[in-house]
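To keep things clear, I will list the structure first and then write my remarks on it.
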Amino acid sequence: MLQIDFIRDKKEIVLQGLQKRNFARAEELIAQVLDFDQKRREAQTELDKVNAEANNLAKSIGELMKNGKKDEAEAMKTNSASLKNRAKELEQAMKDFTQQRLEVLVQIPNIPNEVVPAGKSADDNEVVYQWGDMPELGDWALPHWDLIQKLDIIDFELGNKITGAGFPVYKGKGAKLQRALINFFLDQAIEAGYREIQPPLLINRDSGFGTGQLPDKDGQMYHATEDDLFLIPTAEVPITNLYREVILNEGDFPIKNVGYTQCFRREAGSWGAHVRGLNRLHQFDKVEIVQIQHPDKSYQALEEMCAHVQGLLEKLNLPYRRLKLCGGDMGFTSALTFDMEVFSGAQKRWLEVSSVSNFETYQANRLQCRFRPKDNPKNIQLAHTLNGSALALPRIVASLLENNQTQDGKVKIPAVLVPYTGFEWIE
RNA sequence: GGAGCGGUGGCAGAGUGGUCGAAUGCGCCGCACUCGAAAUGCGGUUUACUCGCAAGGGUAACGGGGGUUCGAAUCCCCCCCUCUCCGCCA
């Protein structure tokens, strides 16, 4: 969430930024936040005074007791009763205003970076880079959902039996291909200086709040109600939360972690004709890179992360394009997001396979992830958080299968993966 | 799931009603000594909110919440978590 001080001091900048997102309720919510904030401060100022008075009184009574002046002490006690009542009222008021302020604050999205283009929907995203040759496939080319059935490597019917739609079963070379991709992505990230993390797949409410999934997006996560835990929608959640309520030293930067996890998404209400096959699943595999950075270096890091992701796609020889998301299409918590889309030759569609974002201090403020500047250790500041998929597997698999299929019904494995798969062809 | 122990500052660890935001040790920072370093000595070293142009004040926090009391780290109640043992089990 945005920092209250920033909203107080730079209200115009906040409003301008929110406008770029086409965030309709900006004026209203900002006014509410400032109002609750004002009331909260007034309550605190008075509460502090009352408490100070009560503290002094208690001290005096203590002195009198010690000196045996019991009568005088008793006389003062009545005074403190009324102070106590007043303090209770004020404390309640403080709590209420703080809570109300928070409730509004979490409804306000991040302010887009100045380079973010204005726009309303995915149609307004900017293609900033494109790489690779478009696959030239004949009419014989099959979409991946037909291919996987023919090759018998991924089974949706079995998944339906075990769980339900969107939970595929990977079999034989299909399973091995998954494992190969995961290992390839992890190895590449480690080589790029990331530390591998294996986090829990269930998270508590504090973690969900820290990265922004809670309070509003709980409907998108699977909920283990008995223990009030949530299945992670992405490794971003546990890995970023490693740094919740942490004060880092400036020398700790850059912090670069990578994790492979399965991801679970309810995807409520988002099913349709264009999400056939592997295009959208409830459970899928993803390797995620997460950085915690000094504010001065975070955009450099963002570029580095994009370059890493693009390098992976190039090594897999998948034609892709890089999009700079417009204000209207960006995620709630992001300040700048680049999406990578791969062209899938038989569906003849661009598929999003990665989303790389800088959240600046928006997540860090929720997480309370901060650092001490070297030159001024007292001046503790919020860090910047970033993350990106590197990469999400299902659509990579879909495009690999489609683009690398041959007319006689086989699929060629990209050379970089062969050491991981142990085979060159799926047939 | 049952029983027990515990939860205090960066860490370890004292503190069982007031003068305790908290001893002591370690760590860390600064200074002195030294050619330099080590050792030693001295000083400093939590965070949040808030008032103030500033200097500098105030308040809160000892797992979380509530209560008793003029006054709570300390007493009482509820909850959470760690650890140990038992049970179950990969």
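Basis for what follows: all heavy atoms, side chains included, without hydrogens, waters or symmetry-related copies. Throughout, a chain's letter reflects where its sequence line sits, starting with A, and its residues are numbered from 1.
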Watson-Crick or G-U wobble mate for [N], both contacts under 3.5 Å:
N	value
B/rU16	none
B/rU40	B/rA32
B/rA3	B/rU84
B/rG21	none

Neighbours of RNA chain B within residues 1-8 of chain A, by heavy-atom distance under 4.0 Å: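 Residues of residues 1-8 of chain A under 4.0 Å from RNA chain B: A/Arg8.
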Extract all donor-acceptor atom pairs below 3.5 Å that involve side chains of residues 206-214 of chain A and protein atoms in other chains or at least two apart in sequence.
from     : atom 1 : to       : atom 2 : distance (Å)
A/Ser207 : OG     : A/Asn204 : OD1    : 3.1
A/Ser207 : OG     : A/Arg244 : NH2    : 2.9
A/Thr211 : OG1    : A/Ser207 : O      : 3.2
A/Thr211 : OG1    : A/Gln213 : OE1    : 2.7

How many whole angstroms separate atom [atom1] of [X] from atom [atom2] of [N]?
X	N	atom1	atom2	result
A/Phe371	B/rG10	CZ	P	19 Å
A/Gln381	B/rA48	CD	P	12 Å
A/Arg370	B/rG10	CZ	P	11 Å
A/Lys378	B/rG44	NZ	P	12 Å
A/Glu46	B/rC49	CD	C1'	16 Å

Short side-chain N/O contact to B/rA48 OP1/OP2 from A/Arg40, under 4.0 Å: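 Checking A/Arg40 against B/rA48: no side-chain N or O falls below 4.0 Å of OP1 or OP2.
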Sequence neighbours excluded - side chain to side chain donor-acceptor pair (under 3.5 Å) pairs with any residue from residues 377-386 of chain A: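 Side chain to side chain donor-acceptor pair (under 3.5 Å) check on residues 377-386 of chain A returns A/Ser298-A/His384, A/Gln363-A/Thr385.
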Between [M] and [N], how far apart are the [atom1] atoms? Round to whole Å, please.
N	M	atom1	result
B/rA61	B/rG9	C1'	11 Å
B/rC80	B/rG64	C1'	7 Å
B/rA23	B/rU8	P	16 Å
B/rC79	B/rG4	P	14 Å
B/rC70	B/rC11	C1'	38 Å
B/rC33	B/rG27	P	23 Å
B/rG44	B/rG57	P	16 Å
B/rC62	B/rU74	C1'	10 Å

With sequence neighbours excluded, residues passing ring pair (Phe, Tyr, Trp, His ring centres under 6.0 Å) with [X]:
X	result
A/Phe184	A/Tyr420
A/Tyr260	none
A/Tyr243	none

Distance, nearest 0.5 Å, that separates CD1 of A/Ile232 from CD1 of A/Ile239: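 Nearest 0.5 Å value for the CD1-CD1 distance: 8.0 Å.
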Sequence neighbours excluded - ring pair (Phe, Tyr, Trp, His ring centres under 6.0 Å) pairs with any residue from residues 355-375 of chain A: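 Matches after skipping sequence neighbours: A/Phe253-A/Phe371, A/His294-A/Phe371.
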Test applied, side-chain hydrogen bond (donor to acceptor under 3.5 Å, both in side chains); reference residue, A/Asp96; option that passes from A/Gln100, A/Gln92, A/Gln99: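 Running side-chain hydrogen bond (donor to acceptor under 3.5 Å, both in side chains) over A/Gln100, A/Gln92, A/Gln99 with A/Asp96 returns exactly one hit, A/Gln92.
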Are any protein N/O atoms closer than 3.5 Å to N/O atoms in nucleotides 28-30 of chain B? If there are, list each pair with its distance.
none

Protein-to-nucleotide contact annotation, 5' to 3' order, nucleotides 52-67 of chain B [B base; S sugar-phosphate only; - none; under 4.0 Å, heavy atom]: ------BSS-----SS
Contact letters for nucleotides 69-74 of chain B, in which S counts primed atoms plus P, OP1 and OP2 and B counts the base, heavy atoms under 4.0 Å: BBS---
Qualifying residue, where the test is side chain to side chain contact (heavy atoms under 4.5 Å, CB included) with A/Ile148 and the options are A/Ile153, A/Leu142, A/Ile426, A/Asp155: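 Output: one option passes, namely A/Ile153.
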Non-neighbouring partners of A/Arg40 that pass side chain to side chain donor-acceptor pair (under 3.5 Å), sequence neighbours left out: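 Partners of A/Arg40 by the side chain to side chain donor-acceptor pair (under 3.5 Å) criterion come out as none, since no residue qualifies.
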Heavy-atom check, side chain of A/Asn110 versus side chain of A/Phe332, under 4.5 Å: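 No, side chains not in contact.
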Summary of salt bridge (Lys or Arg N to Asp or Glu O under 4.0 Å) pairs that have at least one residue in residues 14-33 of chain A, sequence neighbours excluded: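 Those involving residues 14-33 of chain A are A/Arg25-A/Glu28.
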Contact nearer the 5' end of RNA chain B, comparing A/Ile380 with A/Arg41: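 The residue closer to the strand's 5' end, by nearest nucleotide, is A/Ile380.
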Residue pair A/Leu278 / A/His144: nearest heavy atoms and the distance that separates them: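 Heavy-atom minimum between the residues: N-NE2, 2.8 Å.
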A/Glu89/A/Arg86 salt bridge by N-O under 4.0 Å criterion: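 Salt bridge flag = yes for A/Glu89 with A/Arg86.
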Carboxylate-amine/guanidinium proximity below 4.0 Å for A/Asp146 and A/Lys150: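 The answer is no: the pair does not qualify as a salt bridge.
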